[in-house]
> 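Submitted below is the structure of interest, expressed as C-alpha cells.
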Amino acid sequence: MSEIKEIRTRFAPSPTGFLHIGGARTALFNWLYSRHNKGKFILRIEDTDQMRSTEESTRAILDAMTWLGLNWDEGPFFQAQRVDIHRSMVEKLVEEGKAYFCTCTPEELEEKRKRALAEGRKPKYDGTCRDKNLSRTKNSVVRFRSPDVGVTIVHDLIKGKIAFENDELDDLIIERSDGYPTYNFAVVIDDALMKITHVIRGDDHVNNTPRQILLYEALGYDIPEFGHVPMILGADKTRLSKRHGATSVMAYKEMGYLPEALVNYLVRLGWAHGDQEIFSMNALIDLFSLAAVGKSAAVFNPDKLLWLNQHYIKEYPREKLVEEVNPVFVKSGYDTSNDDFINHVVSDLRTRSKTLVDMAQSADFYFKSELEYDQEGAEKFLRPEFAGHLKKVAEKLSGLQDYTKQGIEDFLRSIAEKNNTKLKFIAQPLRIALTGKTVSPGIDDVMITLGKEKVIERIERALAYIDYK
RNA sequence: GGUCCCAUCGUCUAGUGGUUAGGACGCUGGCCUCUCACGCCGGAAACCGGGGUUCAAGUCCCCGUGGGACUACCA
C-alpha cells in the first residue's frame with residue numbers, strides 16, 4: 001500500500017499587470033484540482049523581474065483572486081524574498097560542476113544568435129564559456145550545464161507523453177548578472193521546496209518543461225506531475241490580448257459581471273462534463289478532473305459569457321443579487337435606503353438584465369423624480385385620445401383594494417372593457433407615463449414597485465403633459 | 001529557420017471503432033404577451049485534406065495543410 005501524498009498545486013503569476021482571463025483560468029484549474037483532491041493551493045508571486053514587478057499588480061491580482069473566490073491555503077510567497085535560497089542552490093550546482101560561470105555579453109550573444117539564424121543554424125548557446133572554468137566576475141552569469149545527449153520525456157497529464165532531444169536544449173542561464181535567478185531556475189527550486197505535486201500551467205510552458213526536469217534531476221529533487229492547459233485565443237485565433245476587448249478579470253467586475261458567471265465561463269473553456277453548461281462552485285469541485293481537460297486552444301467568446309451572466313442574474317438568490325447590485329446603484333446616484341423598494345426593483349429587472357450595469361441603467365426611472373419621456377413613445381401614446389383612459393386609472397386607483405399583480409391586471413382590464421378598448425391602449429400610455437419608456441418590466445410590477453401614490457402622481461404629470469401639448 | 005503542441009457547426013464542446021454526429025452561445029421561424037425580456041417549441045449550421053489499418057474510422061497510424069507556443073540576463 002503506497003503512501004498517499006497530499007496534492008499541492010500552486011498559482012504563480014508575475015506581478016507585471018492585472019490578473020487576466022488566461023491567468024484566472026489557470027488559477028481556477030489549480031484551485032479546483034487541489035480542492036477536488038482535498039489538497040492545498042499555494043499562491044506564489046514571481047517577482048524576480050525587479051524592473052517590471054509592482055506592488056499594485058500584486059494587490060490587483062490578489063483582489064481578483066479573492067473576487068473569484070479562489071482562496072489560497074499558503075502564501076502569498078514572494079519569490080524575490082527567496083533569492084538567498086536560489087543563490088545557494090546555484091552555488092551548489094557550480095560546486096558540483098553542474099553549472100558554470102559565463103562572461104559572454106548580451107551583445108555578443110545577440111550577434112551570434114543573429115548570425116546562426118541567418119545561416120540557418122539553431123540559435124542556441126555555443127558553449128564558449130562551458131569548459132573555461134571561469135570564476136565569478138562583475139558581469140558574469142551562471143549557466144546550467146545541460147546534457148547534450150539523451151532524451152527527456154515529459155509525461156503530461158493533459159497532453160500525454162512529449163519527448164525532447166536533450167541536444168535541442170541549450171545551457172540556459174540560471175543566475176543573471178544582477179544576481180537574481182531566472183524563471184526556469186527559481187520556479188524549479190520553489191516548486192520543489194514548496195512540495196508542489198502538480199504543476200498546472202499554460203501550455204506556453206511546455207517547451208520549458210524538459211529544461212526544468214533536467215534541473216530537478218541535477219538538484220536531486222522529485223519531479224512533480226505536469227499538466228499543460230491550452231491557451232485562450234481571441235476571435236482572430238491569436239493569443240488573447242487587449243485588442244480583443246477586456247482581458248482583465250476586474251474589468252468584468254466593473255462591467256457588472258458576477259464572479260460565478262466568469263468562473264463558469266472560464267471553466268468551460270477547455271473543460272467539459274458531458275453536456276452540462278451550468279456549474280456551481282461545489283459542483284465544479286466535485287466534478288473537476290484534468291483528464292477531462294481538452295488539448296486544443298479555445299477562442300474567448302464574450303457572447304457566451306454574457307449569456308451566463310444573464311443566467312446567474314436571473315437565478316441568484318434575491319438577497320445576494322441585491323447585495324451585489326447595490327454598489328452599482330449607489331454609483332448611479334440612486335437612493336438605496338429603502339430595502340423593500342430595492343427588492344422590488346431588482347425583482348422587476350432581473351429577467352431583463354444581462355449585467356448589473358445594465359440593470360442599473362434600466363432602473364433609472366424608479367429613482368427619478370421627474371421623468372423624461374421617450375420621444376417616439378410620447379408621440380405615440382401620450383395623446384389626447386388616451387388621456388381619458390389614464391384619467392380613469394388615476395381616479396379609480398385609490399379605491400383599488402387588491403393592489404397585487406392579479407388585482408392590478410383585473411383592474412386595468414376592467415377599465416379597458418368599460419372604455420371599449422384593448423388592454424394594450426391602457427398599458428402602453430401608462431408605461432410611458434410611469435417609466436418614460438416604451439420598454440419596461442410588466443406594467444403591473446412597475447405599479448406595485450412604485451406604489452399607488454407615485455403612480456397617481458406620474459399619471460397626473462403625464463396628463464398635464466398631454467394638455468400642455 | 002528549429003523544437004513542441006493542436007485540429008468536430010461561426011464559437012465553446014460531447015463523442016474513446018458501429019450515433020439520424022448530441023448539447024450550449026450566437027443566428028433564425030413560431031408560441032406566450034401590456035412593451036421588452038424571460039420561458040417554451042422548431043430551423044439552418046461541423047468531423048481540414050490525402051493515404052493506410054479494419055467487415056466497419058470523427059474516433060487508430062502515416063503524410064500533407066492550417067493554426068498556435070517556445071526559441072531572452074521576461075515570466
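Residue numbering restarts at 1 for every chain, and letters A, B, ... go by the order of the sequence lines. The analysis underlying the following values was restricted to heavy atoms, covering all of them including side chains, and did not include hydrogens, waters or symmetry mates.
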> List the atom of F279(A), the atom of E277(A), and the distance in Å for their closest heavy-atom pair.
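Closest pair (atom of F279(A), atom of E277(A), distance): CD1-O, 3.6 Å.
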> Just checking G202(A): base, sugar-phosphate only, or nothing, at a heavy-atom cut-off of under 4.0 Å?
nothing
> For F185(A), give me all partners under ring-ring contact (aromatic ring centres under 6.0 Å, His included), at least two apart in sequence or on another chain.
none
> What residues in residues 13-26 of chain A put a non-hydrogen atom under 4.0 Å from any atom of RNA chain B?
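S14(A), in order of number.
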> Does rC73(B) have a Watson-Crick or wobble partner in any strand here, with both distances under 3.5 angstrom, and which is it?
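Its partner: none found.
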> What contact category does A116(A) fall into here, base, sugar-phosphate, or nothing, at under 4.0 angstrom with non-hydrogen atoms?
nothing
> Starting at CG of D275(A) and ending at P of rU8(B), how long is that distance when rounded to a whole Å?
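Distance, rounded to whole Å: 17 Å.
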> On the six-membered ring of F41(A), is R10(A) placed so that its NZ or CZ lies under 6.0 angstrom from the centre and within 45° of the ring axis?
no
> Could you list the protein-to-nucleotides 16-18 of chain B atom pairs, N/O on both sides, closer than 3.5 Å?
none

> Both F300(A) and Q310(A) contact RNA chain B. Which one's nearest nucleotide lies toward the 5' end?
F300(A)
> With a non-hydrogen cut-off below 4.0 angstrom, is E46(A) in contact with a base, only sugar-phosphate, or nothing?
sugar-phosphate
> Atom CD1 of I232(A) and atom C1' of rU11(B): how far apart are they, to the nearest Å?
14 Å
> Quick one: which protein N/O atoms are closer than 3.5 Å to N/O atoms of nucleotides 39-45 of chain B? Pair and distance per line, please.
| unit_1 | atom_1 | unit_2 | atom_2 | d |
| --- | --- | --- | --- | --- |
| rG39(B) | OP1 | K314(A) | NZ | 2.8 |

> Could you check whether atom NZ of K380(A) has more than 12 heavy atoms from other residues, nucleotides or ligands sitting under 6.0 Å from it?
no
> When the nearest nucleotide of RNA chain B is assigned to Q276(A) and to K159(A) on a heavy-atom basis, which residue is associated with the more 5' position?
K159(A)
> Which atoms of nucleotides 29-31 of chain B (N or O only) lie under 3.5 Å from a protein N or O atom, and what are those distances?
none

> Quick one: list whatever passes side-chain contact (heavy atoms from CB on, under 4.5 Å) with I448(A), sequence neighbours left out.
H344(A), K405(A), I408(A)
> With the threshold set at under 4.0 Å for non-hydrogen atoms, list the residues of residues 48-58 of chain A touching RNA chain B in residue-number order.
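RNA chain B contact set from residues 48-58 of chain A: T48(A), D49(A), R52(A).
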> Within 45° of the ring axis of Y403(A) and under 6.0 Å from its six-membered ring centre, is that where the NZ or CZ of K452(A) lies?
yes
> Filter on side-chain hydrogen bond (donor to acceptor under 3.5 Å, both in side chains), then keep only pairs touching residues 412-423 of chain A, sequence neighbours left out; what's left?
E409(A)-R413(A)
> Quick one: which protein N/O atoms are closer than 3.5 Å to N/O atoms of nucleotides 32-36 of chain B? Pair and distance per line, please.
| unit_1 | atom_1 | unit_2 | atom_2 | d |
| --- | --- | --- | --- | --- |
| rC34(B) | OP1 | R413(A) | NH2 | 2.7 |
| rC34(B) | O2' | Q428(A) | OE1 | 3.3 |
| rC34(B) | O2' | R431(A) | NH2 | 3.3 |
| rC34(B) | O2 | R431(A) | NH2 | 2.2 |
| rC34(B) | N3 | I443(A) | N | 3.2 |
| rC34(B) | N4 | D444(A) | OD1 | 3.2 |
| rC34(B) | N4 | D444(A) | OD2 | 3.3 |
| rU35(B) | O4' | Q428(A) | OE1 | 3.2 |
| rU35(B) | O4' | Q428(A) | NE2 | 3.4 |
| rU35(B) | O2' | T438(A) | O | 3.0 |
| rU35(B) | N1 | R431(A) | NH2 | 3.3 |
| rU35(B) | O2 | T438(A) | O | 3.4 |
| rU35(B) | O2 | S440(A) | N | 2.8 |
| rU35(B) | O2 | S440(A) | O | 3.1 |
| rU35(B) | N3 | R431(A) | NH1 | 3.1 |
| rU35(B) | N3 | S440(A) | O | 2.5 |
| rU35(B) | O4 | G442(A) | N | 3.1 |
| rC36(B) | O2 | R352(A) | NH1 | 2.6 |
| rC36(B) | N3 | R352(A) | NH1 | 2.4 |

> Give F164(A) one of three labels, base, sugar-phosphate or nothing, depending on what nucleic acid heavy atoms sit under 4.0 Å from its own.
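Answer is sugar-phosphate: F164(A) comes under 4.0 Å of backbone atoms only.
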> Going by side-chain contact (heavy atoms from CB on, under 4.5 Å), name the residues that satisfy it together with E108(A), two or more places apart in sequence or in a different chain.
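Result, side-chain contact (heavy atoms from CB on, under 4.5 Å) vs E108(A): C104(A), T105(A).
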> How would you summarise protein contacts on nucleotides 63-73 of chain B per nucleotide, using B for base, S for sugar-phosphate only and - for none, with heavy-atom distances below 4.0 Å?
-----SBS-SB
> Distance-only criterion, 3.5 Å: show the donor-acceptor pairs between side-chain atoms of residues 11-20 of chain A and protein atoms not counting sequence neighbours.
| unit_1 | atom_1 | unit_2 | atom_2 | d |
| --- | --- | --- | --- | --- |
| H20(A) | ND1 | G22(A) | N | 3.3 |
| H20(A) | ND1 | G23(A) | N | 3.3 |

